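See structure below.
This structure is a prediction, so every number in the text was calculated from the model and none was measured. Order of the sequence lines fixes the chain letters, A, B, ..., with proteins taken first and strands second; residue numbering starts at 1 for each chain.
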Amino acid sequence: MGRERGREERDFGPGGDDTDCSILHVDMDAFFASVEVRRHPELRGKPVVVGGTGGRGVVSSASYEARAFGVRSAMPTSRARALCPQAIFIPPDSGAYGEASRAVMAILRDVTPLVEQLSVDEAFLDVAGARRLLGPPAQIAIDLRARIARELQLPCSVGIAPTKFLAKLGSARAKPDGLLLIPRARVLEFLHPLPVSTLWGVGERSAEQLHRVGLRTVGDVAQAPMGLLRSAVGDAAATHLHELASGRDPRPVTTGREEKSVGSETTYDIDVSDHERIKQTMLALSGQVGARLRAAGQSGRTIAIKVRFADFKTINRSRTLPVATDVSQEIFQTAWTLFRALGPTDRIRLIGVRVEGLAGAEGAARQLALGEPERGWREAERAIDAAASRFGRAAVKPASLLKAGDRRRQPDKRAEPDRLDPLSDGFTAS
DNA sequence: TCTGGGGTCCTAGGACCC
DNA sequence: TCTGGGGTCCTAGGACCC
């Protein structure tokens with residue numbers, strides 16, 4: 001096993017022991033922060049925090065300079081400010097990160113079509129088939145890092161190992177801006193001293209359960225009797241964790257995973273009691289979800305809402321329709337019915353709308369053929385989609401989302417519901 | 001310090017069918 | 001007249017990941 005930061009050639013030359021290490025895990029370093037630094041070069045070397053800057057924001061990404069002060073992802077922005085007041089705080093720009101992500105993934109796919117994208121900033125590659133053309137995996141990783149740095153000016157770390165889980169551990173250990181090869185012969189030596197929380201699928205709760213029965217390291221889990229493991233985390237997880245802890249992980253790198261649900265949610269700056277306000281939010285969220293479904297040519301049968309109360313208690317309610325839909329109006333009507341069924345509520349912090357059980361658009365097509373009443377809505381919404389793609393989403397919106405003043409002037413883009421997508425309950429163009 | 005928004009997967013109970 | 005067990009679908013909750 002060798003660690004590299006600018007010393008790749010010596011540690012990972014073609015003679016390196018990367019026999020049957022054909023899985024690469026590529027993970028961008030402090031991705032959002034790095035993209036911001038790239039477009040604002042004056043920020044280089046400074047603590048940069050990307051995250052919600054409103055009262056209830058959390059940190060999405062922190063540069064390593066900010067991490068030195070203890071700033072971490074998912075931490076409330078207010079805490080990050082307390083830890084590092086001199087940091088530069090930047091609101092997220094998902095469009096920019098998506099664009100950077102596509103550029104990264106394109107480079108990865110240039111190496112091999114066997115790329116499994118895990119999230120916006122990480123992916124697995126199986127380079128077994130690329131060996132003959134591009135050299136041993138370690139060399140491929142070295143070239144890949146160099147190319148991403150040169151063409152995109154973005155740092156990343158790469159793990160190389162016999163399995164996905166180990167490759168992921170490798171990239172984590174190599175950060176920032178490094179590379180780590182874990183040869184098969186040294187897998188257990190690497191794995192067993194690590195804390196149980198390193199295992200994929202072990203979060204705070206499972207770690208607690210494992211600690212409770214005396215298991216603290218990955219080695220402990222590998223050697224634990226299955227009965228004990230099952231009592232701590234349940235049947236399925238026990239089997240899975242025991243495999244991972246033993247260095248086994250048969251999951252292949254797979255391409256083209258299908259999406260299973262599409263949702264949108266929003267947290268209020270101040271908890272809301274007014275159900276009319278909730279209704280407007282649901283209308284807007286349903287509009288976003290419907291628009292994304294239609295853009296993706298998908299539809300789903302199950303409509304789910306999520307409600308988080310002031311005390312952070314969170315509930316979900318769902319209803320499955322006889323026929324899949326991609327119609328915002330139908331999503332909204334179902335969501336609103338589910339909400340009203342709750343009766344009077346405590347103050348609400350978050351509202352979410354999600355469509356699950358996705359299938360291609362055949363469901364929707366069938367509905368169209370049957371001439372069901374949603375047909376009118378679908379056509380109206382398609383017209384809005386077309387207008388929005390020409391003039392922007394802000395140009396078209398449901399009349400009920402316009403504030404009184406907006407009826408006479410341009411929509412106020414800063415007003416919360418106006419950022420949300422149109423619904424067709426009588427739309428207007430501006 | 002007070003907890004975002006995008007998701008996936010698992011469990012468990014009840015309904016319903018055979 | 002009382003009752004088994006398997007399979008599938010639906011709903012709710014929760015853990016987890018990035």
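Counting to the nearest Å, the C1' atom of dC18(C) and the CE atom of M28(A) are 15 Å from each other. Whole-Å rounding puts the R230(A) CZ to dC10(B) P distance at 16 Å. When the C1' atom of dT8(B) is taken as reference, atom CG of L118(A) falls 12 Å away, rounded to whole Å. Counting to the nearest Å, the P atom of dT8(B) and the CD atom of E356(A) are 9 Å from each other. Atom pair K306(A):NZ and dG14(C):C1' shows a separation of 11 Å (rounding to whole Å applied). For the pair R257(A) CZ and dC17(C) C1', the interatomic distance rounds to 11 Å; values are reported in whole Å. Atom CG in L210(A) sits about 14 Å away from atom P in dA15(C), given to the nearest Å. Across the protein-nucleic acid pair, Q288(A) atom CD and dG4(B) atom P stand 17 Å apart, rounded to whole Å.
Within 4.0 Å of G203(A), counting heavy atoms only, lie sugar-phosphate atoms of the nucleic acid but no base atom. Residue contacts shown for S73(A) are absent, as no nucleic acid heavy atom lies under 4.0 Å away. If you check every strand for non-hydrogen atoms under 4.0 Å, G263(A) touches sugar and phosphate atoms only. In this structure, A80(A) reaches neither bases nor backbone, as no heavy-atom distance under 4.0 Å exists between it and the strands shown. Looking at heavy-atom distances under 4.0 Å, G52(A) makes no contact with the nucleic acid at all. Residue V59(A) is out of contact with every strand shown, counting any heavy-atom pair closer than 4.0 Å. Backbone-only engagement by V202(A) is indicated by non-hydrogen atom pairs under 4.0 Å involving sugar-phosphate atoms exclusively.
OP1 or OP2 of dT11(C) sits under 4.0 Å from a side-chain N or O of T320(A). Contact annotation: S206(A) side-chain N/O to dC16(C) OP1/OP2 distance is under 4.0 Å. The phosphate of dC18(C) has OP1 or OP2 within less than 4.0 Å of a side-chain N or O from K168(A). At dT3(B), one or more side-chain N or O atoms of R56(A) fall inside 4.0 Å of OP1 or OP2 (strictly under the cut-off). Between S261(A) and dT8(B) there is a side-chain N or O to OP1 or OP2 distance below 4.0 Å. At least one side-chain nitrogen or oxygen of R301(A) sits closer than 4.0 Å to the OP1 or OP2 atom of dC10(C). Taking side-chain N and O atoms only, R317(A) has a distance below 4.0 Å to OP1 or OP2 of dG13(C). Within the structure, every side-chain polar atom (N or O) of S94(A) is placed at least 4.0 Å from both OP1 and OP2 of dG5(B). Within the structure, a side-chain polar atom (N or O) of R205(A) is placed less than 4.0 Å from OP1 or OP2 of dA15(C).
Considering all non-hydrogen atoms of both residues, A66(A) and V49(A) come closest at CB-CG2, 3.9 Å.
Heavy-atom neighbours of R319(A) CZ from other residues, nucleotides or ligands within 6.0 Å: at or below the threshold of 12. No more than 12 heavy-atom neighbours from other residues, nucleotides or ligands sit within 6.0 angstrom of CD on E258(A).
In this structure, of dG13(C), dT11(C), dC18(C), it is dC18(C) that holds the atom nearest to the side chain of W200(A). Between dG4(B), dT8(B), dC18(C), one nucleotide has an atom nearer to the side chain of S60(A) than all others, and that is dG4(B). Across dC18(C), dT1(B), dG5(B), the shortest atom-to-atom separation from the side chain of L350(A) is found for dG5(B). With distances taken from any side-chain atom of A236(A) to the nucleotides dT11(B), dG13(C), dT3(B), the minimum falls on dT11(B). When each of dT11(C), dC2(B), dG6(B) is scored by its nearest atom to the side-chain atoms of S264(A), the top-ranked nucleotide is dG6(B).
Rounded to a whole angstrom, the distance from the P atom of dG14(B) to that of dG4(C) is 16 Å. dC2(B) sits 26 Å from dC18(C) when the P atoms are compared, rounded to a whole Å.
In this structure, the aromatic ring of F312(A) is positioned over the six-membered ring of the base of dT3(B), centres within 5.5 Å and planes within 30°.
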Test salt bridge (Lys or Arg N to Asp or Glu O under 4.0 Å) applied to R378(A) and D385(A), step by step: CA-CA 10 Å; R378(A) 165 170 296 102; D385(A) 292 342; over 6 Å; no
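Of the candidates L114(A), L179(A), L144(A), L144(A) is the only one forming a side-chain contact (heavy atoms from CB on, under 4.5 Å) with L24(A). Here the options are R294(A), R382(A), Q298(A), the test is side-chain hydrogen bond (donor to acceptor under 3.5 Å, both in side chains), and the partner is D326(A); only R382(A) passes.
In this structure, a donor-acceptor pair under 3.5 Å is present between the side chains of R212(A) and Q209(A). When only modelled atom types and interatomic distance are considered, H275(A) and T345(A) share a side-chain donor-acceptor pair under 3.5 Å.
Nearer the 5' end of DNA chain B, as judged by each residue's closest nucleotide, is the contact made by M75(A), out of M75(A) and K260(A). With the nearest nucleotide of DNA chain C identified for both T302(A) and T314(A), T302(A) has the one nearer the 5' end. Residue-to-nucleotide proximity on DNA chain B shows that, of R308(A) and E259(A), the 5′-proximal contact is made by R308(A).
Applying the Watson-Crick and G-U wobble criteria (two distances, each under 3.5 Å), dC16(B) pairs with dG7(C).
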